[in-house]
There are 2 protein chains.
Amino acid sequence: MSHLVALSAALGPDATLISDSDITASYSRDHAPFAVSAPPFAVLLAKNAQEISKALIFANENKIPVVTRGAGSGLSGGANSDAQSLVISLEKMNRILSLDAANQIARVQAGVINIDLDTAAKEHGLAYLPDPASREWSTLGGNAATNAGGMCCVKYGVTTAHVRALQVVLATGEIIELGSATKKSVTTYDLVHLFVGSEGTLGIITELTLNLEIRPAPPATLIATFPSVTKAAAAAAVLLKYRPSMLEIVDQTTLKAVQAWHPLGFEVAGSVLLMQLDENHSLCEAALETCKKFDLIDGVYSDDPADAADLIRVRKLAYPALERMGATLLDDVALPITKIAEFVEKVEALSRETNLVIGIFGHAGDGNMHPTIVHDHGDTAAADRAKQAFARIVEIAQSLGGTASGEHGIGSIKQGFVANEISPKVAALQREVKKTFDPNGILNPGKKI
Amino acid sequence: MSHLVALSAALGPDATLISDSDITASYSRDHAPFAVSAPPFAVLLAKNAQEISKALIFANENKIPVVTRGAGSGLSGGANSDAQSLVISLEKMNRILSLDAANQIARVQAGVINIDLDTAAKEHGLAYLPDPASREWSTLGGNAATNAGGMCCVKYGVTTAHVRALQVVLATGEIIELGSATKKSVTTYDLVHLFVGSEGTLGIITELTLNLEIRPAPPATLIATFPSVTKAAAAAAVLLKYRPSMLEIVDQTTLKAVQAWHPLGFEVAGSVLLMQLDENHSLCEAALETCKKFDLIDGVYSDDPADAADLIRVRKLAYPALERMGATLLDDVALPITKIAEFVEKVEALSRETNLVIGIFGHAGDGNMHPTIVHDHGDTAAADRAKQAFARIVEIAQSLGGTASGEHGIGSIKQGFVANEISPKVAALQREVKKTFDPNGILNPGKKI
Ligand SMILES: Cc1cc2nc3c(=O)[nH]c(=O)nc-3n(C[C@H](O)[C@H](O)[C@H](O)COP(=O)(O)OP(=O)(O)OC[C@H]3O[C@@H](n4cnc5c(N)ncnc54)[C@H](O)[C@@H]3O)c2cc1C
Ligand SMILES: Cc1cc2nc3c(=O)[nH]c(=O)nc-3n(C[C@H](O)[C@H](O)[C@H](O)COP(=O)(O)OP(=O)(O)OC[C@H]3O[C@@H](n4cnc5c(N)ncnc54)[C@H](O)[C@@H]3O)c2cc1C
């Protein structure tokens, strides 16, 4: 009996198990350009944890690799399958199970789209704060599995800071509850946050209890241009003292790409900083004074929400503007904030050396940078150079005390860099932890560790 | 050869290994009143990780229980030893290794006292925020091992939110580095936060990389009296909308205890709320208006720092005032904030039923309550009733969706309650995680899990 037939029998007639290769192909990969993938033998559009449990018991017995999928918006090949895999998609498990405004928590199924929770919270004066740029289509389960960041995380922390409790289906099929719905608890080991960022390798997250916060006031937005990234980055380190709810940087290459598409409304400079303050709007003037110490070219601020959208458009368009120019490879590294300038200079040198366009932007306040390599579609030599540059960028970051991934994860494209940051003993501990939760290694094999 | 002689030989002449029973006795227990303990056979006042590594290799080979000790300020018997144990004290490892103001991080040895780091940070306009009431003598290693909370954690999060990286000595003697000094990283599994709250059972923390934050402005402080805890707790849930940097509750029993010692400066009421706002002082008036909806008896606020100290004195004196009345048993549970009132009513009923004084105060904004049972010193019947009441309080919290410990840990006094909150499978996973890090079970056996 083929796996497909046997799995279908194990799941029963109510399960939505897809094997049509036209459809399975669309579940075979995420948004990482050069990660390998092949259509899985089947896709389960799971309806509930019980169904996932049945599928995992079957997969575990038959040693079938299982790839969990949220929205497939990942940028590290984490949700990529091969031909032997079963993909389990959480997209149908998209119900907000409860929203307890007084206790500021929500219980959601893992397939709920990030923005849908925030929209529901808004009605109560609350917010779900972690705001990846993909929040309009990425899932809360995927956000937790990657520990997604976003623009306001400089002030409010990345996903992990907002997760209280999880329901998880283990590789062996047990459905377990981890954590506590209370704001504080030290009753058990912290297994909840072990699952956050585990990229589908330790278990399948089926439900999450998430923090909702008092909805911040509409922010004041400040935009400032500088002659160089060096100056802008130095200013950013000092601007942290205003406790910004956003602090982003964009380099000249990226500014030009945006300008070529949509007029910026200001002169292209060496670099731009964008800052938002959701409390103490009145500090904008002081912040602008601070910028002057770093050769500020020009700066404006406004607390009109319409202006804000206008001012931050350059950051929102950064990646799509680069994508318009050709094939892109988006990197993701994190550094000490004081090393951003040196990092950018080295990446600029790499750009000249390899004759590749590399636009750089990122979450300056978190030291989390996204150099994006652009080359002509179909130019395979350039594509090879781009892959090499992608690796060099990670190594540059590591040489400056940085880390291989700030928020996109290791997935299937960055395992080669992990050993530069951890000892063999820590690597062995990771493998042992993996084995504790997934003894047969069926969950997302070849990813993360 | 006795263990002592062999260990001393293994450590070499530079090690400070104490076996004088007068001294070892003072290292045998923390501040939990009824937890069992006995002087250990030796105490190592460790100087560095290498020395700890040697001691652990010896202990692991000879299956000697090892109890790690910070300041011994714990309230759950977590640092208690028995006669077979080696106690390793970190008190001499008290150096701040580096303070990087621009990147807002510090690297410290685990024996650094919490307040010493904050004092050093203050010079740079920064703060180490987690503020357990024991911060003037408890260690940062102990704070991490218990995931300590404090008054300002309602806004800034408990210890775990402030830990980026750790150096740990494993039971088998390896010295490992976990985490990244960068603000964001998803390069590995999150083993750092697995160690936070692990109460000395997974490894010995020797160094920590901690977040420093922009030092908050001096707060405005508001004090409000209510006819009952029910009303005060209901008000607290609503006051969260002002994003307080402190939100504490004190019940009538505790108010009377304080009043009997130091005049309160206001009428003893059913309950008191204390709130601080470190941003937007101007919201105090609105907060007071909010309180009126909950039968406010009286309320004042001030943003004069001298007044602040005066206003919050009642909370600072809560525990010592109860201690003056007799022997105390301080409990620590966390609840959904909307359940505080019901919890307090049930604990008050328990107080009447058992004829025990139970003062209740706590971190209302976090739902973290500290009912404190008072009985006459030397009254063994009352002491027994107190122990039973201590257990009943935990069960009441759990029955309301709460958890056995909010911040003091499980230690050696609360293991009996953990099974009410987790399934046998999760308990088994905890044991397996423990085994991965401590195969022979030498680290703090009989604690936490
Ligand atoms: C245009 C664009 C902008 C982006 N902006 C950001 C950004 O600002 N910040 C940021 O951090 N990321 C960003 N990303 C990356 C991506 O959106 C995030 O990683 C997101 O969290 C992935 O969610 P997803 O539901 O799409 O997960 P997927 O891509 O489907 O999966 C991601 C990983 O999580 C695992 N996984 C998914 N669901 C579960 C589950 N329920 N249980 C266990 N494992 C699971 C998968 O196996 C995979 O390893 C962006 C991506 C794009 C394309
Ligand atoms: C008056 C008073 C007020 C208090 N107020 C608070 C409060 O507001 N909030 C709060 O959370 N707690 C409070 N506590 C409890 C206590 O101070 C905290 O738990 C504190 O974090 C313990 O730190 P310590 O250095 O004294 O650790 P210890 O008591 O020595 O040890 C605590 C636990 O951590 C382990 N441990 C210690 N150091 C290490 C290390 N380096 N590596 C691995 N494991 C280690 C020990 O084995 C033990 O299990 C209070 C205690 C008292 C007496």
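Being a predicted model, the structure only gives us computed values, none of them experimental. To find a chain, count down the sequence lines: A is the first, B the second, and so on, and within it residues start at 1.
Of the two parts of L178(B), only the side chain, counted from C-beta on, holds a non-hydrogen atom closer than 4.5 Å to a non-hydrogen atom of chain A. Contact annotation for N368(A): only side-chain heavy atoms (C-beta onward) come within less than 4.5 Å of a heavy atom of chain B. H363(B) touches chain A through its side chain: at least one heavy atom from C-beta onward sits under 4.5 Å away, while N, CA, C and O do not. Contact annotation for L194(A): both backbone and side-chain heavy atoms come within less than 4.5 Å of a heavy atom of chain B. Proximity to chain A is absent for every atom of A161(B), based on heavy atoms less than 4.5 angstrom apart. Heavy atoms closer than 4.5 Å to chain A are found nowhere in A181(B), neither backbone nor side chain. When heavy atoms are compared at a cutoff of 4.5 Å, L170(A) approaches chain B solely by way of its side chain, counted from C-beta outward. Within the 4.5 angstrom heavy-atom criterion, only side-chain atoms of I422(A), from C-beta onward, approach chain B. For K425(B), the part lying under 4.5 angstrom from a heavy atom of chain A is the side chain only. Contact of S185(B) with chain A is made through backbone and side chain together, with heavy-atom distances under 4.5 Å. Heavy-atom distances place no part of Q415(A) under 4.5 Å from chain B, backbone and side chain included. Both the backbone and the side chain of T436(A) come within less than 4.5 Å of a heavy atom of chain B. Contact of K434(B) with chain A is made through backbone and side chain together, with heavy-atom distances under 4.5 Å. E177(A) touches chain B through its backbone: at least one of N, CA, C or O sits under 4.5 Å from a heavy atom, while the side chain does not.
Note that CG of D100(A) and CD1 of I337(B) are 10.5 Å apart. Values are rounded to the nearest 0.5 Å. Atom-to-atom distance recorded for K183(B):NZ and D366(A):CG is 4.5 Å, nearest 0.5 angstrom. Note that the CG atom of L126(A) and the NZ atom of K241(B) stand 11.0 Å from one another [nearest 0.5 Å].
Of all the listed residues (G365(A), G149(A), P336(A)), the one sharing the greatest number of non-hydrogen pairs under 4.5 Å with chain B is P336(A). Here T182(B) is the residue among D332(B), V196(B), T182(B), V426(B) with the most heavy-atom pairs under 4.5 Å with chain A. With chain B as partner, the option from S423(A), G406(A), G125(A), S180(A) having the largest number of non-hydrogen pairs under 4.5 angstrom is G406(A). Options N280(A), D190(A), T403(A) differ in how many heavy-atom pairs under 4.5 Å they form with chain B, and the most are formed by T403(A). Among the candidates H193(B), K339(B), E174(B), the residue making the largest number of heavy-atom pairs closer than 4.5 Å to chain A is E174(B). Counting heavy-atom pairs closer than 4.5 Å to chain B, the top-ranked of the candidates K435(A), E432(A), E199(A), K414(A) is E432(A).
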Intermediate values then yes/no, side-chain contact (heavy atoms from CB on, under 4.5 Å), E421(A) and T188(B): CA-CA 9 Å; E421(A) 290 177 46; T188(B) 63; over 6 Å; no
Full working for side-chain contact (heavy atoms from CB on, under 4.5 Å) between Q104(A) and L240(B): CA-CA 10 Å; Q104(A) 298 185 21; L240(B) 283 174; 3.6 Å; yes
Chi angles and distances behind the side-chain contact (heavy atoms from CB on, under 4.5 Å) call for L191(B), V433(A): CA-CA 9 Å; L191(B) 300 181; V433(A) 167; 4.2 Å; yes
Stepwise side-chain contact (heavy atoms from CB on, under 4.5 Å) test for I176(A) and L429(B): CA-CA 10 Å; I176(A) 59 168; L429(B) 285 171; 3.7 Å; yes
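Within the 3.5 Å criterion, the main-chain N or O of T338(B) finds a donor-acceptor partner in the side chain of N103(A). In this structure a side-chain-to-backbone donor-acceptor pair under 3.5 Å is missing from K184(A) to V154(B). Side chain of T187(A) to backbone of V418(B): no donor-acceptor contact under 3.5 angstrom is found. The backbone N or O of Y189(B) lies less than 3.5 Å from a partner atom in the side chain of Q430(A), making a donor-acceptor pair.
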